[in-house]
Amino acid sequence: MLTDSSSDRCTTNLSLIGPKVEGLRQTFAAGHTKNIEWRIAQLQQVKKLVVEQQEPILLALQKDLGRCDMESWTAELGGVISEVEHTVKHLKKWMKPRKVSTPIVAHPASSYVLPEPLGTVLIIGAWNYPLLLVLGPLIAALSAGNCALIKPSELSPNISALMALQIPKYLDEQAVVVIEGAVNETSELLKHRFDHIIYTGGEVVGKIVMRAAAEYLTPVTLELGGKSPCIVDSNTNLEVTASRIVWSKFMNAGQTCVAPDYVLVEKSFAPRLIDAIKSKIEEFYGASISDSDDYARIVNARHFTRIVKYLEGHNVVYGGEHQAESNYIQPTIVLDPAEGSPLMEQEIFGPILPIISLENIQQAVSFVNKRAKPLSLYLYTKDKAFEKAVLQQTSAGMVGVNDGFMFATNPNLPFGGVGSSGMGAYHGKIGFDNFSHLKTVMKRSFWFDIPLRYPPFTARKFKLLKKLL
Ligand code: NAD
């Protein structure tokens with residue numbers, strides 16, 4: 001960490017918030033955000049910001065998360081750029097009226113779905129991928145023709161400050177506003193009417209957001225987290241499985257919403273899997289991991305203490321080293337933690353990988369189903385029947401078969417949770433639709449007006465109508 005994360009730096013005078021929200025509503029009412037030219041110009045500016053400000057962004061991410069440039073670029077900047085490119089390429093098609101067939105009872109008519117923007121979207125970001133988790137939703141909101149108010153996380157203050165400085169320089173200031181701040185600012189924002197709120201973060205605050213949104217019947221997208229299981233069958237490619245588990249678990253020091261939280265494996269196969277994971281950790285980060293430039297740090301002292309506490313009383317079979325002065329926690333493996341322990345009750349969101357050994361891998365399904373629906377589920381197997389059984393018998397926001405969260409790179413796939421891991425989704429067209437109202441339109445002609453449905457109702461009309469409907 002180059003600087004301490006501190007919420008003190010991210011504050012906004014609360015009295016400014018109301019007028020800012022009102023300003024955005026007036027911009028939306030003026031209508032120009034609906035034009036495709038405006039939308040595309042804004043999207044291109046998002047890309048320009050990321051490309052031109054690449055160096056300061058990478059530095060800010062390094063300061064906030066101790067993260068190396070390559071990891072930051074692939075996980076955040078690259079993701080924003082490709083999302084803009086995909087959206088710009090397809091936007092014209094997404095905006096078109098979507099023709100659907102008309103039932104015989106309504107003939108002659110044309111029926112279609114017309115996407116229209118919702119208005120002003122509030123984007124509340126989280127700190128773990130602080131650029132992507134704000135600009136990703138922003139791309140979707142702008143593509144749908146909305147105005148947006150962004151509230152970055154105060155726990156990544158360098159990125160928050162950078163966005164507050166740069167976004168007004170690149171984007172239409174009347175249509176996109178950044179409000180820096182923490183609980184006070186977010187609470188104030190939530191007192192105002194928005195047309196959609198997208199919140200990324202933990203479940204507790206998710207409920208606060210949803211309660212506040214209910215006041216205005218504002219729709220919400222909640223991008224939450226949870227404990228994402230990783231089921232490893234002994235019928236797998238061990239080498240590749242270990243590489244992919246280590247990559248997806250220890251990227252950003254485990255502070256990834258879609259990181260595998262724990263591994264389920266057969267008892268007889270567990271020792272081989274643990275050995276393979278240990279050797280991949282050292283292959284990737286070297287024997288002295290705290291010296292590796294490629295391994296990130298925990299975001300702040302509070303989260304450091306929370307994660308270290310999870311280790312108490314457990315069988316640590318690898319790692320466990322930590323340094324409070326640098327918020328460093330070594331990649332750590334815990335074998336068979338007790339089911340009711342905090343490590344197995346709460347989302348870890350850090351570099352501890354519990355490995356749970358089962359008598360047989362089929363038990364993994366009931367293990368997963370006893371818990372809340374996770375944001376993602378991972379399955380490593382060559383057994384197609386087992387793959388089918390897991391897919392059919394479990395529920396998760398997203399599933400990776402034989403890899404970590406590579407699904408997040410595909411803009412054609414929705415990114416979002418289910419149950420307590422969230423609601424709604426974005427990325428690509430799904431994001432466009434999420435921030436649009438899909439308006440029903442049926443256009444009928446004036447000729448051929450059969451009086452069958454009009455009173456006075458007769459037995460003959462009733463009989464005929466029953467046949468038609
Ligand atoms: P955080 O502390 O950055 O909080 C998220 C946002 O909520 C911030 O903008 C913060 O200012 C605001 N906030 C905090 N307390 C508030 C309150 N009392 N009232 C109103 N607003 C408040 O992030 P976090 O909660 O530590 O995030 C970690 C969680 O987010 C994990 O559960 C993780 O899995 C989840 N997450 C999900 C995704 C996803 O895409 N599904 C992505 C990243 C993180």
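Just so you know, these numbers use all the heavy atoms, side chains as well, and skip hydrogens, waters and symmetry mates.
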| request: Evaluate side-chain hydrogen bond (donor to acceptor under 3.5 Å, both in side chains) for E71 paired with Y295, printing each intermediate quantity in order. | output: CA-CA 9 Å; E71 205 169 272; Y295 185 66; over 6 Å; no
| query | Are E239 and R244 within salt-bridge range, i.e. N to O under 4.0 Å? | reply | no
| request: Just jot down the ring-ring contact (aromatic ring centres under 6.0 Å, His included) partners of F407, sequence neighbours excluded, or say none. | output: none
| message | Any heavy-atom pair between the side chains of I159 and P152 that's under 4.5 Å? | response | no
| Are H322 and Y328 close enough that their ring centers fall under 6.0 Å? | no
| query | Under 4.5 Å between any side-chain heavy atoms of S143 and L43, yes or no? | reply | yes
| field | Within-4.5 Å side-chain heavy-atom neighbours: V390 and V365 | value | yes
| field | Worked check of salt bridge (Lys or Arg N to Asp or Glu O under 4.0 Å) between E283 and K280 | value | CA-CA 5 Å; E283 185 185 321; K280 283 295 162 193; 3.0 Å; yes
| field | Residues which pass side chain to side chain contact (heavy atoms under 4.5 Å, CB included) with K96, listed by chain and number, not counting sequence neighbours | value | none
| remark: Partner of W73 under side-chain contact (heavy atoms from CB on, under 4.5 Å), picked from I81, L61, I57, is I81
| remark: On a heavy-atom basis, the closest approach of L343 and P337 is CD2-CB, 3.9 Å
| Closest heavy-atom pair and its distance - N128, F349 | ND2-CZ, 3.2 Å
| query | Can T381 and D233 be counted as having a side-chain donor-acceptor contact under 3.5 angstrom? | reply | yes
| query | Taking NZ, NE, NH1 and NH2 as the nitrogens, is one of them in E116 or K439 under 4.0 Å from a carboxylate oxygen of the other? | reply | yes
| R306 to Y310, cation-pi by 6.0 Å centre distance and 45° axis angle | no
| note | Shortest non-hydrogen pair, H196 vs N434, comes out as CE1-O, 3.7 Å
| said: Minimum heavy-atom separation for P97 and Y112, please, with both atom names. | reply: CB-CD1, 3.6 Å
| query | Do the side chains of Y129 and L65 get nearer than 4.5 Å, heavy atoms only? | reply | no
| field | Beyond-backbone contact of I231 with F386, side-chain heavy atoms, under 4.5 angstrom | value | yes
| said: If you compare all heavy atoms of L131 against all heavy atoms of E76, which two are closest, and at what distance to 0.1 Å? | reply: N-OE1, 3.0 Å
| query | Taking the side chain as C-beta and beyond, is there a heavy-atom pair between T33 and N146 under 4.5 Å? | reply | no
| request: Kindly state each residue pair satisfying ring-ring contact (aromatic ring centres under 6.0 Å, His included) with at least one member in residues 209-244, sequence neighbours excluded. | output: none
| said: Distance alone, cut at 3.5 Å: any donor-acceptor contact between the side chains of D383 and N235? | reply: no
| task | Please indicate whether K373 has more than 12 foreign heavy atoms, meaning atoms of other residues, nucleotides or ligands, lying under 6.0 Å from its NZ. | result | no
| query | Under the salt bridge (Lys or Arg N to Asp or Glu O under 4.0 Å) criterion, do E185 and K151 qualify, and how do the steps go? | reply | CA-CA 9 Å; E185 288 79 358; K151 212 299 287 171; over 6 Å; no
| query | Pick from F435, F432, F415: which one makes a ring pair (Phe, Tyr, Trp, His ring centres under 6.0 Å) with H427? | reply | F415
| Would you say V134 and T200 make side-chain contact, with heavy atoms under 4.5 Å? | no
| task | Given side-chain contact (heavy atoms from CB on, under 4.5 Å), test L77 with L58 step by step and report yes or no. | result | CA-CA 9 Å; L77 290 81; L58 290 172; 3.8 Å; yes
| said: Tell me whether the rings of W94 and H90 are parallel (<30°), tilted (30 to 60°) or perpendicular (>60°). | reply: parallel
| Ring centroid separation Y262 to F367 under 6.0 Å | yes
| field | Where R67 and S72 come nearest, the two heavy atoms and their spacing | value | NH1-OG, 2.9 Å
| K267 side chain reached by E359 side chain, heavy atoms, under 4.5 Å | yes
